[in-house]
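Report on the following structure.
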Amino acid sequence: MSAQSLHLFTGSPSVAFLSKSNHHPRPSFPATLRPLPSAAAAAAFSGLSIRASASDGNPQSPSAPRVLVSDNGAGAVISRPASAGDAAAIEVDAVTEAELKENGFRSTRRTKLVCTIGPATCGSEQLEALAVGGMNVARINMCHGTREWHRRVIELVRRLNEEKGYAVAIMMDTEGSEIHMGDLGGAASAKAEDGEIWTFSVRAFDSTLPERTIIVNYDGFAEDVKVGDELLVDGGMVRFEVIEKIGPDVKCQCTDPGLLLPRANLTFWRNGSLVRERNAMLPTISSKDWLDIDFGIAEGVDFIAISFVKSADVITHLKSYIAARSRDADISVIAKIESIDSLKNLEEIILASDGAMVARGDLGAQIPLEQVPSAQQKIVQVCRQLNRPVIVASQLLESMIEYPTPTRAEVADVSEAVRQRADALMLSGESAMGQYPEKALTVLRSVSVRIEKWWREEKRHEAMELPHIGSSFADNISEEICISAAKMANNLGVDALFVYTKSGHMASLLSRCRPDCPIFAFTTTTSVRRRLNLQWGLIPFRLSFSDDMESNLNKTFSLLKARGMIKSGDLVIAVSDMLQSIQVMNVP
Ligand SMILES: Nc1ncnc2c1ncn2[C@@H]1O[C@H](COP(=O)(O)OP(=O)(O)O)[C@@H](O)[C@H]1O
Ligand SMILES: C=C(OP(=O)(O)O)C(=O)O
Ligand SMILES: [K+]
Ligand SMILES: [Mg+2]
């Protein structure tokens, strides 16, 4: 057993660094720190541990915390061979495990992938193909499909998770109460040609829709629009000009032809600005949305994404509703940033939420298109600073709805989101109703892995200032521990960071630092494990563990070794939210 010690008290003026050669870069980790060869099952354990604690038990106390550094690490770790039964004691997503083994620690994918499920992907085989292709989260959009359809998709995903060992999480996305078209009388799409006159109506038609007629879901529409206004379908995919108002009917001439899709979003513009009349007063969560939310809670979805969030209040309100309703209150609320108001109140909305989505589809209909890239960068940055996962969504690979290969511009767009180190990328139409859902997912996966690697090798990631976000001193300690652990991991070139976390918070703090190595996040519940699926660089495991880090590490090492996920000599750094410490060690 190698013995080295390093004691560091923040209260004292000097820092004693007694450790030998602790700055050696990998792979020349000092020989004295290597595990001693042992004949018996008891393996020596080498390591260094740093421990911070509030000295008098009061985290707010001004009498600074003590940092203890010792070369005894966590002490001797007894490694016993894991039995086959034991291997089941740890659960990890089968696809993530395969990717890790195939790519190696360094090159395994860090960016998470969300797929919208629709008619092209709602069958069991198609869902399985997406899971195998790297889908971390399946999204169902409540704008489309019936309750029965949504229930069936959730059921199929859950069944695949159980039977095949996947850990695909479910995200339900609300419809929101923005203005949109009706469902085209059953047609899958309709073509609007240049110069054609179409009628947009708020009338309730009891028989079939007359030709070139579109129903609008917002009763105030005919009163709010003015002759000369520009009407944008789906953020400008098709454009009309309002030429005449006749009671509930608004006659419009097509100025930019294109394909109209059922329930497409509508915005109207006057003198170059988005018109926000009474429709600005529409509730963020409509009565239909509340029913959908109840459904989501009953089904135990992992995430609820809220469309067209305007302020933090609505998120706070929803979170307290969920807390009161759901048994274990563990549904994350994702704020979709897709309106001018959400940009104005960005920080408070993100702080109130458990994550955010850069919903570029509608965002691009509310602000000029050329402002979308800077808005994206800003949202991604604020989310990282405030430690909330962020998804970049919409049109990443739009052309792949029809074609089997992406455009160069699309690949560049995906690369940029990966380079910004967003937590997740999302497919919409590409996976919901496109012709090549699996191919689109493969493109996201391979571009992510390639750009992540390039960026790591070039060491070009800009250092981002990570402010303190916790409200207590103990929170600040956790943040500092994670920042230090991530920095140590980079400097020492460790193979993996291990984090033992019950709520998942400590894992997210590590993810926020975007370290060079993957983060193995051990958590005790399946629901936390599924939610961690959305966060950059985390490989979530379910494992029951105790407050005793020695025995946790011991157990983890033997279970992961039995699965071939780590091997003797791998260098890891471990942190936990039970014991505020950083431990550096070689796997015995
Ligand atoms: N559950 C569903 N049932 C039928 N079609 C769907 C479903 N989900 C998505 N789609 C189709 O996929 C397209 C893209 O999905 P998405 O981006 O989520 O919706 P939207 O285009 O309404 O913003 C939709 O326009 C719709 O045509
Ligand atoms: C993701 C988005 O929302 P939805 O697909 O629900 O319109 C978006 O607008 O980009
Ligand atoms: K939606
Ligand atoms: Mg939207």
Side-chain angles (χ1 to χ4, degrees), residues 113-121 137-146 149-150 153 170-181 183 217 232-237 260-267 274 279 282-286 288-293 295-296 301 303-310 314 318 333-343 349 353 355-367 369 371-373 375-376 379-380 389-398 401 410 413-414 417 422-434 444 534:
L113 307 174
V114 183
C115 300
T116 303
I117 306 305
T121 41
V137 179
R139 167 185 181 252
I140 48 173
N141 187 349
M142 305 311 272
C143 288
H144 309 281
T146 61
W149 186 93
H150 299 132
V153 170
I170 309 251
M171 177 181 295
M172 189 196 93
D173 192 325
T174 62
E175 176 164 345
S177 46
E178 292 304 287
I179 311 176
H180 59 78
M181 319 190 318
D183 62 7
N217 75 329
L232 270 62
V233 179
D234 202 4
M237 303 311 282
L260 303 171
L261 294 174
R263 311 176 69 73
N265 177 271
L266 290 177
T267 45
L274 182 76
N279 64 56
L282 291 173
T284 301
I285 303 180
S286 69
K288 172 185 183 281
D289 290 341
W290 284 112
L291 290 176
D292 288 340
I293 288 165
F295 165 77
V301 300
F303 302 94
I304 296 182
I306 300 297
S307 296
F308 298 103
V309 173
K310 294 178 189 132
V314 70
L318 174 62
V333 174
I334 305 292
K336 291 172 70 184
I337 309 301
E338 52 183 343
S339 64
I340 294 171
D341 299 295
S342 62
L343 287 177
I349 289 173
S353 316
M357 184 193 292
V358 189
R360 305 186 305 181
D362 285 297
L363 189 60
Q366 300 232 341
I367 62 174
L369 279 182
Q371 287 174 20
V372 174
Q376 173 180 321
I379 299 162
V380 170
V390 62
I391 307 161
V392 174
S394 294
Q395 297 186 352
L396 283 164
L397 297 172
E398 188 77 0
I401 291 177
E410 286 165 345
D413 180 43
V414 173
D423 289 85
L425 308 176
M426 187 173 111
L427 295 176
S428 295
E430 302 93 329
S431 56
M433 47 69 134
L444 286 192
L534 188 62

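Order of appearance sets the numbers: ligands from 1, and atoms from 1 within every ligand. Side chains included, hydrogens not; waters and symmetry mates left out as well; all remaining heavy atoms used. Residue numbers run from 1 in the order of the sequence given.
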Show the atoms of ligand 2 that are less than 4.0 angstrom away from any heavy atom in Ala359. 1 (C), 2 (C), 8 (C), 9 (O), 10 (O)

Listed by chain and number, what are the side-chain contact (heavy atoms from CB on, under 4.5 Å) partners of Thr284, not counting sequence neighbours? Ile306, Lys310, Val314

Can you list the atoms of ligand 2 that are under 4.0 Å from a heavy atom of Met357? 1 (C)

Which protein non-hydrogen atom lies closest to atom 7 (O) of ligand 2, naming both residue and atom, and how far is it? Asp362 OD2, 3.0 Å

For Arg139, counting its heavy atoms only, list the atoms of ligand 2 lying under 4.0 Å from any of them. 1 (C), 3 (O), 4 (P), 5 (O), 6 (O)

Taking both backbone and side-chain atoms into account, decide whether Glu175 has an N/O/S atom under 3.4 Å from the K ion (ligand 3). no

Which heavy atom of the protein is the closest neighbour of atom 10 (O) of ligand 2, given with residue, atom name and distance? Ser394 OG, 2.5 Å

Verify whether one side chain among Arg360 and Gln376 offers a donor that lies under 3.5 Å from an acceptor in the other. yes

Sequence neighbours excluded, which residues qualify as salt bridge (Lys or Arg N to Asp or Glu O under 4.0 Å) partners of Asp362? none

Tell me which N, O or S atom of Asp173 sits nearest to the K ion (ligand 3). OD1

Output the list of atoms in ligand 2 that are nearer than 4.0 Å to some heavy atom of Arg360, sorted by atom number. 10 (O)

Look at ligand 2 and say whether Lys336 reaches it with a heavy atom at a distance under 4.0 Å. yes

I need the atoms of ligand 2 closer than 4.0 Å to a non-hydrogen atom of Asn141, numbered in the order shown. 5 (O), 6 (O)

If you leave out waters, which protein N, O or S atoms are less than 2.8 Å from the Mg ion (ligand 4)? Glu338 OE1, Asp362 OD2

Does Trp290 have any ring pair (Phe, Tyr, Trp, His ring centres under 6.0 Å) partners at least two apart in sequence or in another chain, and if so, which? His317, Tyr321

Please list, in number order, the atoms of ligand 2 under 4.0 Å from a heavy atom of Gly361. 8 (C), 9 (O), 10 (O)

Suppose I only count heavy atoms of Glu338 and a 4.0 Å limit; which atoms of ligand 2 are within that range? 2 (C), 3 (O), 8 (C), 9 (O)

Kindly report the O-the K ion (ligand 3)-OD1 angle for Thr174 and Asn141 respectively, rounded to 10°. 110°

Consider ligand 2: state whether an atom of it lies below 4.0 angstrom from any non-hydrogen atom of Arg263. no

